[in-house]
Structure formats: structure tokens, C-alpha cells
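I have placed the structure first, in the form of C-alpha cells, so that the comments after it can refer back to it.
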Amino acid sequence: MTDPAALRATVEAWRRAGESVVLVPTMGALHAGHLALVAHAKAIGRRAVVSIFVNPTQFGPNEDFARYPRDVAADLAELAGPGADAAWTPEVETMYPPGFATRIAVAGLSEGLCGSVRPGHFAGVATVVTKLLNQVRPDIALFGEKDFQQLQVIRRAVRDLDLGVEIRGVPTIREADGLALSSRNRYLDAAERAVAPRLHAVLARIAAALREGAAAAPLLAEGVAELSAAGFGPVQYLEVRDAETLAPLERVAGPARVLAAAYLGRTRLIDNVAV
């Protein structure tokens, strides 16, 4: 579906029939992680809507917007498997018509981590997700926990703006060797793909030590050194944060996350592990 009025009419018909609606927002280039989200949507709701939109406002001027993988036809074929009920695939002009002038900025949670190295990124995310939620008007929206800071930013925006949608995080889907599934993984060459799982291994090792009461600083310094030696660079951040507020932590006394972003060749990888 590409027309907002048709989308709205379809969803309203489902609602009149008493059917719940779950949204899975994506930028396409669908992989098994996305399909797991769709399967989860079908398990918890009657109707699943998947949005496919590569959002230009969340990319910086030197980022990979132009080369981000796009194949809507292949994505639609993939969605038949888990049984998605509709795909919302708007054009850029539909999402951002001439004169569009509104941005949603979430203070605090959007600062630091990816917010520091990708200025404006989370304003783009919060704005487009708010639009998607208003267009689809789901009961629940699902987001993968791999983008953990994004998940917390969206939760805050939805809460602050009284959007009336339940935001649920879904655990990261991984390859057998631990690499978090991502559309950007297809950028990796064979040698880089062999190294990429080290990111998760380092995070998991740090999380295990933190659970035993270790201080964060020496663990993080060792982690950065290990990633750099393995071929990652630059390591944009490797940090321990409170899981709710994303405040930096030196020791863990409650729910926390170890989060990292690092380049491997030209590919930017992010990941996080719960403590």
C-alpha cells in the first residue's frame, strides 16, 4: 500500500471488526530478524502491518543513505512467509511533502552513544516513527533491541506525546556465531564477516564481568583494545549504561546494557548486551 487514505480505510475496517493491529516498522532489506518480528506480531495480534521506508532524515550527509539496500519486491515476497497482512511502502514525497517543517527531538535519551556520533539521527527517527504510528494507528509497535537507544527514544516520545501505542522491544536475533542480524551485514566482505562476531563476544564478556561486580572502566578499555586489535576501527563507543535512563554507569546495581558501535571496514556495526 502506498496511499495513506487506503491504508487508513483498511486499518479502520479491521478495527470495526474488533481486530487488533501490530506494526513492525522497517527500512526494508528484510532479514530473519525482521521476519521474527512479523511472526511475533502475528502471535500477539490479529493483523500485522509492516512499514518499509528508508527514511532520509535519519541519515547524516556522509552516511549510507544512497547505497542502503532497497528491494521492495523481494521484501514483499519475504513477508508472505510469516503472514503479514499489509505492507505500508510510502514514497518520500508522501512522508515529507513540500513545506514539511516539523521535527521531534527527545532530549536526554537521544544524547550520547549514537546521538553523539550521528547528529540529528534520533530527531529523524522520532519524527518518522511518530508519523508511521499516526498513519497506521496500531495497538502495539515492535522494535528490535539491537537498536536499544532507538527503542528507548521511541518509548519516551510515545509516552510524552500520548500517542496511545504500546511499544515493545523484542530480543536481538543473532547468527549462530553471535553476530546480530542487520541489513548492513551484507556490506561485509568474507574476511570482515569472519571478524564481525568479535563485537558480540566482547560485549558478552564485559556483561558477565559486570554481573560479578567488576568496575566498568578497565573492562571497557580492554574491550576497545581487543576490538581495535581484531580490525575494528574506529570504535565509536563502548559503554555501560542504565537500561532505563541510559545514564553512564561505573558499576552495575540494576538493569543495564553494554552498548557499542564500531566500524569494520566501511561497515558500521552496533550491538548491545543486557546486564
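Gln149 contributes a side-chain N or O that, together with a main-chain N or O of Gly112, makes up a donor-acceptor pair within less than 3.5 Å. Looking at Thr26, its side chain does come within 3.5 Å of a backbone N or O of Ser51 through a donor-acceptor pair. Without hydrogens or angle criteria, Asp71 side chain to Ala74 main chain gives a donor-acceptor distance under 3.5 Å. No donor-acceptor pair closer than 3.5 Å links the side chain of Glu222 to the backbone N or O of Leu219.
Residue pairs meeting the ring-ring contact (aromatic ring centres under 6.0 Å, His included) criterion with at least one member in residues 5-52, sequence neighbours excluded: His31-His34. Sorted by first and then second residue, the pairs that involve residues 264-275 and meet salt bridge (Lys or Arg N to Asp or Glu O under 4.0 Å), not counting sequence neighbours, are Arg174-Asp271. Residue pairs satisfying the salt bridge (Lys or Arg N to Asp or Glu O under 4.0 Å) criterion with at least one member in residues 104-120, sequence neighbours excluded, are listed as follows: Glu63-Arg118.
Counting heavy atoms of neighbouring residues, nucleotides and ligands inside a 6.0 Å radius, atom CD of Glu250 exceeds 12 of them.
By the side-chain contact (heavy atoms from CB on, under 4.5 Å) test, Ala87 is found to be paired with Leu76, Leu79, Thr89, residues two or more places apart in sequence or in another chain being considered. Every residue meeting the side-chain contact (heavy atoms from CB on, under 4.5 Å) condition with Glu175, not counting sequence neighbours, appears here in chain and number order: Asp177, Leu179, Leu181, Arg193. Lys42 meets the side-chain contact (heavy atoms from CB on, under 4.5 Å) test with Arg46, Ala48, Asp85; sequence neighbours excluded. Residues forming a salt bridge (Lys or Arg N to Asp or Glu O under 4.0 Å) with Arg70 (at least two apart in sequence, or on another chain): none. Partners of Glu145 according to the side chain to side chain donor-acceptor pair (under 3.5 Å) rule, which considers only residues two or more places apart in sequence or in another chain, are Arg257.
The two atoms that bring Trp88 and Val136 nearest to each other are CD1-CG2, 4.3 Å, heavy atoms only. Smallest separation of non-hydrogen atoms from Ala86 and Met1: CB-SD, 4.2 Å. Shown here for Ala29 and Asp75, the closest heavy-atom pair between the two residues is N-OD2, 3.1 Å. Minimum heavy-atom separation, Phe59 to Asp64: CE2-OD1, 3.2 Å. Considering all non-hydrogen atoms of both residues, Asn272 and Lys146 come closest at ND2-O, 3.0 Å. Across Val165 and Val158, no two heavy atoms sit closer than the pair O-CG1, 3.4 Å.
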Val21 vs Arg137, test: side chain to side chain contact (heavy atoms under 4.5 Å, CB included). Steps then yes/no.
CA-CA 8 Å; Val21 180; Arg137 297 186 180 177; over 6 Å; no
Go through Ser20 and Ile140 one step at a time and tell me if the side chain to side chain contact (heavy atoms under 4.5 Å, CB included) criterion holds.
CA-CA 9 Å; Ser20 59; Ile140 300 168; over 6 Å; no
Determine whether Gln58 and Phe65 satisfy the following criterion, side chain to side chain contact (heavy atoms under 4.5 Å, CB included), listing intermediate values before the conclusion.
CA-CA 9 Å; Gln58 69 189 68; Phe65 175 71; over 6 Å; no
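Here Tyr263 is tied to no hydrophobic group at all, with no ILVMFWY side chain closer than 4.5 Å. Using a 4.5 Å cut-off between side-chain heavy atoms of Ile, Leu, Val, Met, Phe, Trp and Tyr, Val117 forms no hydrophobic cluster with any other residue.
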I'd like a table of donor-acceptor pairs (distance under 3.5 Å, sequence neighbours excluded) in which one partner is a side-chain atom from residues 94-103, with atom names and distances.
residue	atom	partner	partner atom	Å
Tyr96	OH	Asn55	OD1	2.6
Tyr96	OH	Thr57	OG1	3.0

Expected list for residues 205-218: side-chain donor-acceptor pairs under 3.5 angstrom, two or more places apart:
residue	atom	partner	partner atom	Å
Arg205	NH2	Glu226	OE1	2.3
Arg205	NH2	Glu226	OE2	2.7
Arg211	NH2	Ala274	O	2.7

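To the nearest 0.5 angstrom, Gln236 atom CD is 10.0 Å from Ser116 atom OG.
A cation-pi contact, defined as under 6.0 Å to the ring centre and within 45° of the axis, is absent between Arg241 and Phe148.
Counting heavy atoms from C-beta on, the side chains of Val129 and Leu133 come closer than 4.5 Å.
Ionic pairing of Arg47 and Asp139 is not present here: no N-O contact between side-chain nitrogen and carboxylate oxygen is shorter than 4.0 angstrom.
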